[in-house]
Amino acid sequence: MAVILEDESGELMATAEAGLGKAFLPVAERLKNGVLTACGQKALSQPGVVATEDPFSACVDCPLAKEYSGRGAMTVRLEFHDVVYGLLAVSVPRAMAVDEEEHSLFEEVARDIAFALHSIELEEERERAGEALRSAGAYTRSLIEASLDPLVTIDKNGKITDVNVSTERVTGCSREELIGTEFCGYFTEPEKARAGYKRVFSEGTVRDYELELRHRDGRVTPVLYNASVYRDEAGEVVGVFAAARDVTERRRIEERLEHFNAVLRAIRGVDRLIT
């Protein structure tokens, strides 16, 4: 018996044999060079079993012909769902080579092998897809963690589904503690925070939404939230992605400017009184 596997372009991928031993080596070498036996060519070009009653005289170009003295051969393509994976060939008694019932059994074996090859291919595709998703996930995670701003994702119920390290830092809570809890619970004005994420779900986005994040030790950080919805593959909204910009320093500058302006106003008032 011999199994010959090819890729979609017809290039040889692998061969396997049982009972032929070294006699199969010349055939394997020819296959590597792109030379297929006559029965193999015929089997690839049509459905059903190609039966050769006397390969010794009919297949003079085949290196295995001398091994078939007194025997016949059957060759069939390995096919599942219109995908051809290669060929299956066996040496059998001459009577079996032309027996229709044997042909049916042989085709059934070939279908089972093709189905197994199909299953292996699907599993390999799943593995590749899984690896691609893992790589994409790791890349996305690295981008999220690279942000200095607190980032958070929220589901439709207002529960936190993911955070980055900056969010852990500004709240004083670990990622494990934050995930699954109410987004609103980490602000000085929970109802305003709730109204904010609900607005994102209804309008699709919010910009520069003012909130104050509360650290577990009581410290408060003023932030501006920018948020938008994100969708699944079907286009359905599944959550909100929100980024908070710490505006503590900006607030300080604004307060200093306000104090400076107040001083200027006071000075101008004194000048008017003097004049």
**Study point:** Distance (rounded to the nearest 0.5 Å) between Asp112 CG and Leu117 CG
**Key:** 11.0 Å
Practice item. Please step through side-chain contact (heavy atoms from CB on, under 4.5 Å) for the pair Ile113 and Leu88, ending with a clear verdict. Key: CA-CA 9 Å; Ile113 294 173; Leu88 174 66; 3.9 Å; yes
Check your understanding: Quick one: does Asn164's side chain have a donor or acceptor within less than 3.5 Å of a partner on Leu151's backbone?
Key -> yes
Check your understanding: Is it the case that one hydrophobic cluster holds both Leu105 and Val109, taking links as side-chain heavy atoms less than 4.5 Å apart, direct or via other members?
Key -> no
Practice item. For Thr167 and Val152, indicate whether the former's side chain and the latter's backbone hold a donor-acceptor pair under 3.5 Å. Key: no
Check your understanding: Between the main-chain N or O of Glu210 and the side-chain N or O of Lys192, is there a donor-acceptor pair closer than 3.5 Å?
Key -> yes
Point to revise | Inter-residue atom distance Ile160.CD1 - Cys173.SG, 0.5 Å rounding | key: 8.5 Å
Check your understanding: Can you tell me how far CG of Asp162 sits from CD1 of Ile154, rounded to the nearest 0.5 angstrom?
Key -> 11.5 Å
Review point. Would you call Asp208-Arg245 a salt bridge at under 4.0 Å N-O?
Key: no
Point to revise | Beyond-backbone contact of Pro150 with Val170, side-chain heavy atoms, under 4.5 angstrom | key: yes
Review point. With side chains defined as the heavy atoms from C-beta onward, is the minimum distance between Tyr230 and Val240 less than 4.5 Å?
Key: no
Review point. Is there a chain of hydrophobic side chains (I, L, V, M, F, W, Y, each step under 4.5 Å between heavy atoms) that links Phe80 to Phe106?
Key: yes
Point to revise | Glu168 side chain to Arg175 backbone, donor-acceptor under 3.5 Å | key: yes
Review point. Residues in side chain to side chain contact (heavy atoms under 4.5 Å, CB included) with Ser228, at least two apart?
Key: Thr205
**Study point:** Heavy-atom pair with the smallest gap, counting every atom of Lys156 and Val237
**Key:** CE-O, 2.7 Å
Review point. More than 12 heavy atoms of other residues, nucleotides or ligands under 6.0 Å from CD of Gln46: is that the case?
Key: yes
Review point. Looking only at atom types and distance, does a side-chain atom of Asn157 sit under 3.5 Å from a main-chain N or O of Lys159, one as donor and one as acceptor?
Key: no
Point to revise | ILVMFWY network linking Val50 to Met96, side-chain heavy atoms under 4.5 angstrom | key: no
Check your understanding: Do Thr181 and Tyr186 have side-chain atoms, one donor and one acceptor, less than 3.5 Å apart?
Key -> yes
Practice item. Could you tell me how the ring of Phe183 sits relative to the ring of Tyr225: parallel (under 30°), tilted (30 to 60°) or perpendicular (over 60°)? Key: perpendicular
Study note, to complete from the structure: Output for pair (Thr161 OG1, Leu178 CG), nearest 0.5 Å, gives 11.5 Å
Check your understanding: By salt bridge (charged side-chain N to carboxylate O under 4.0 Å, His left out), which residues pair with Glu79, not counting sequence neighbours?
Key -> Arg77
Review point. Tyr197 and Tyr209: aromatic ring centres closer than 6.0 Å?
Key: no
Review point. Between the side chains of Glu121 and Tyr85, does any donor sit under 3.5 Å from an acceptor?
Key: yes
Exercise for review: Decide whether Val238 and Phe241 are clustered together by the hydrophobic rule: side chain heavy atoms of Ile, Leu, Val, Met, Phe, Trp, Tyr closer than 4.5 Å, transitively.
Suggested key: yes
Practice item. Could you tell me which non-hydrogen atom of Asp246 sits nearest to which non-hydrogen atom of Val223, and how far apart they are? Key: CA-CG1, 4.1 Å
Study note, to complete from the structure: Taken in chain and number order and not counting sequence neighbours, the residues that satisfy salt bridge (charged side-chain N to carboxylate O under 4.0 Å, His left out) with Glu177 are Arg216
Check your understanding: Within a radius of less than 6.0 Å around CZ of Phe115, do more than 12 heavy atoms belonging to other residues, nucleotides or ligands occur?
Key -> no
Revision key, fill the gap. Rounded to the nearest 0.5 angstrom, the CG-OG1 distance for Leu213 and Thr221 is 6.5 Å
Practice item. Measure the CE-CG distance between Met74 and Asp99 for me, rounded to the nearest 0.5 Å. Key: 8.5 Å
Check your understanding: Mind checking whether Leu44 and Val84 have side chains closer than 4.5 Å, heavy atoms only?
Key -> yes
Review point. For Asp82, does the CG atom sit with more than 12 other heavy atoms under 6.0 Å from it, leaving out its own atoms?
Key: no
Point to revise | Donor-acceptor contact present, side-chain His81 to main-chain Val83, <3.5 Å | key: no
